[in-house]
Amino acid sequence: MKARDRVCDPPLADSYQELSYKSTRAALRQHDQDCEANAECELPMIDLRGLRRCNEEERHACVETIAKASSEWGFFQVLNHGISQELLEEMRREQIKLFELPFERKARSSLLNDSYRWGTPTATSLHQFSWSEAFHVPLAKISEKGSCYGEFSSLREAMEKLAEAMSELATTLAGALAESLGYSSRGFPESCNKSTCFLRLNHYPPCPFSAEIFGLMPHTDSDFLTILYQDQVGGLQLMKDSKWVAVKPNPEALIVNIGDLFQAWSNDVYKSVEHKVKINSKMDRYSIAYFLCPSYESTIGSCKKPSIYKDFTFGDYRKQVQEDVKITGQKIGLPRFLLHNISL
């Protein structure tokens, strides 16, 4: 496949070649090493039927299993999560049709409230470059008349159903994690609703240059938690015991990972783990992520004192992340808000 011989793909090749030209051979070799994973792993698997049991002992055991996985891995998989396979498959079909539109139309039209993005505009090296495109859609915008779905009215219907189902699941999981730390699961976290949470539709086109390229550069998520539905192509990798491990896809499970806000609120009991996506050289990869976020004015405190982190609002956190990316090319995240870290 020649660079960008599909009209649906964004001009990722142009950006890649420009960054490659600027990179030294040593930097390219280091980039390839950073992309490598040592082994494939199966994430902890949790059957969520336990949360719905009348037997309090069984329910408590399920809550503690979720908490243990969140503390030891920062990632886990869930079965019997309440989102039908039919809805997930419908959403994936609609997503593929959307990304098959010509690039110019995706980039220049007002599809899904101008939420389209591709590559990494701020990248100054291959370490900072992501070979992917996405629609990052606030839940509140899905049903808005101005979202310009055109012939994609069936996409709107599927997104509305999926957003509602994932919102319910995310609230249930967040409540269980709060409960494990001795807090009421009802209404936690506060200020998370349709106006603050997001759906992100991801597409990772095949790369004609090398499989050793980031589909999504290493990062942690700036939210409470993320729910991911992915296809069977694979490519998701996470940091475990200071090593990159590849996550084995499971067609029946959804993946859940802890975000920075939950790590801060839990005083580092739950872990927001660095993860990335490795590109496939021959196959398209698709995924859908739901991000549980509070309002920008919400203060992210701590579940216990003394706290490891300063109190900060979600708006403060987002602003600091954006400033760091602009200046350094990468996110620094929670270390910026440590109470006793004077080196940053």
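Heavy-atom basis, side chains included; hydrogens, waters and symmetry copies ignored.
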Self-check item: Nearest-0.5 Å distance, CG of residue Leu199 to NZ of residue Lys141
Solution: 15.0 Å
Quiz prompt | Pair Gln330-Asp324, side-chain donor/acceptor within less than 3.5 Å | solution = no
Quiz item: Considering only heavy atoms from C-beta outward, does the side chain of Leu169 approach that of Tyr290 to under 4.5 Å?
Solution: no
Quiz prompt | Candidate pair Glu179 and Ser184, rule side-chain hydrogen bond (donor to acceptor under 3.5 Å, both in side chains), full reasoning | solution = CA-CA 6 Å; Glu179 181 181 329; Ser184 171; over 6 Å; no
Quiz item: Looking only at heavy atoms, which two atoms of Ala67 and Ser180 are closest? And how far apart?
Solution: CB-OG, 3.2 Å
Quiz item: Applying the 4.5 Å side-chain criterion to the ILVMFWY set and letting contacts propagate, would Phe291 and Phe314 be lumped into a single cluster?
Solution: no
Quiz item: Under the 6.0 Å and 45° cation-pi test, does Lys271 pair with Trp73?
Solution: no
Exercise. Can you measure from CE (Met91) to CG (Leu155) and round to the nearest 0.5 angstrom?
Key: 5.0 Å
Quiz item: Looking at Thr220, Asp221, Thr226, which hits side chain to side chain donor-acceptor pair (under 3.5 Å) with His275?
Solution: Asp221
Practice problem: Find the distance between CD (Glu157) and CG (Leu162) and round it off to the nearest 0.5 Å. | Solution: 13.5 Å
Exercise. Carefully, step by step, assess Tyr317 and Phe337 under the rule ring-ring contact (aromatic ring centres under 6.0 Å, His included).
Key: CA-CA 9 Å; Tyr317 193 73; Phe337 295 87; 5.3 Å; yes
Practice problem: Please report the C-alpha distance between Phe188 and Phe262 in whole Å, then the side-chain angles of each, then the deciding distance to 0.1 Å, and finally whether the ring-ring contact (aromatic ring centres under 6.0 Å, His included) criterion is met. | Solution: CA-CA 11 Å; Phe188 182 89; Phe262 233 139; 5.6 Å; yes
Exercise. Determine, for Asp9 against Arg6, whether the closest basic-nitrogen to carboxylate-oxygen distance falls under 4.0 angstrom.
Key: yes
Quiz prompt | Result of checking Arg200, Lys106, Arg117 against Glu133 for salt bridge (charged side-chain N to carboxylate O under 4.0 Å, His left out) | solution = Lys106
Quiz item: Please walk me through it: do Phe76 and Lys68 pass side chain to side chain contact (heavy atoms under 4.5 Å, CB included)?
Solution: CA-CA 10 Å; Phe76 55 93; Lys68 181 179 180 183; over 6 Å; no
Self-check item: Rounded distance (nearest 0.5 Å) linking atom CD1 of Ile227 with atom CG of Asn257
Solution: 9.5 Å
Quiz item: If you draw a 6.0 Å radius around NZ in Lys282, do more than 12 non-hydrogen atoms from other residues or ligands fall strictly inside?
Solution: no
Quiz item: Ion pair present between Glu90 and Lys161, side-chain N to carboxylate O less than 4.0 angstrom?
Solution: yes
Exercise. Give a yes-or-no answer on whether the side chains of Glu190 and Ser298 include a donor-acceptor pair shorter than 3.5 Å.
Key: no
Quiz item: Is there side-chain contact between Leu112 and Ile142, with heavy atoms separated by less than 4.5 Å?
Solution: no
Quiz item: Are Gln230 and Tyr286 close enough that some pair of their side-chain heavy atoms sits under 4.5 Å apart?
Solution: no
Quiz item: If you round to the nearest 0.5 Å, how far is NE2 of His81 from CZ of Arg49?
Solution: 12.0 Å
Quiz item: Is Lys278 close to Phe214 at the side-chain level, that is, under 4.5 Å between some pair of heavy atoms?
Solution: no
Quiz prompt | Pro10 side chain reached by Tyr116 side chain, heavy atoms, under 4.5 Å | solution = yes
Quiz item: For the atom pair SG (Cys62) and CZ (Arg53), what is the distance rounded to the nearest 0.5 Å?
Solution: 9.5 Å
Quiz prompt | Close side-chain approach of Ser222 to Lys331, heavy-atom, < 4.5 Å | solution = yes
Quiz item: Is there a side-chain contact between Ser287 and Tyr229, using heavy atoms and a 4.5 Å cut-off?
Solution: no
Exercise. Kindly indicate, with the supporting measurements, whether the criterion side-chain hydrogen bond (donor to acceptor under 3.5 Å, both in side chains) is fulfilled by Asp268 and Tyr309.
Key: CA-CA 9 Å; Asp268 278 1; Tyr309 300 97; 2.6 Å; yes
Quiz prompt | Sidechain N-carboxylate O distance under 4.0 Å for Lys248, Glu40 | solution = no
Quiz item: Thinking salt bridges, do Lys243 and Asp241 make one under a 4.0 Å N-O criterion?
Solution: no
Quiz item: Does Met45 belong to the same Ile/Leu/Val/Met/Phe/Trp/Tyr cluster as Leu51, with side-chain heavy atoms less than 4.5 Å apart forming each link?
Solution: no
Quiz item: Does Leu261 belong to the same Ile/Leu/Val/Met/Phe/Trp/Tyr cluster as Val256, with side-chain heavy atoms less than 4.5 Å apart forming each link?
Solution: yes
Quiz prompt | Worked verdict on Gln77 versus Asn250 for side chain to side chain contact (heavy atoms under 4.5 Å, CB included) | solution = CA-CA 9 Å; Gln77 301 177 92; Asn250 185 316; 3.4 Å; yes
Self-check item: Glu100 and Lys97 ion-paired at < 4.0 Å
Solution: no
Quiz item: So, for Thr120 and Gln128, which heavy atoms are closest and what is the spacing to 0.1 Å?
Solution: CG2-O, 3.0 Å
Quiz prompt | Side chains of Tyr296 and Asp316, donor plus acceptor under 3.5 Å | solution = no
Quiz item: Between Trp118 and Phe103, how do the two ring planes meet: parallel, tilted or perpendicular, split at 30° and 60°?
Solution: perpendicular
Quiz prompt | Minimum side-chain heavy-atom gap Phe99-Tyr204 below 4.5 Å | solution = no
Quiz prompt | Nearest atoms (heavy-atom pairs only) where Ser307 meets Asn267 | solution = CA-OD1, 3.5 Å
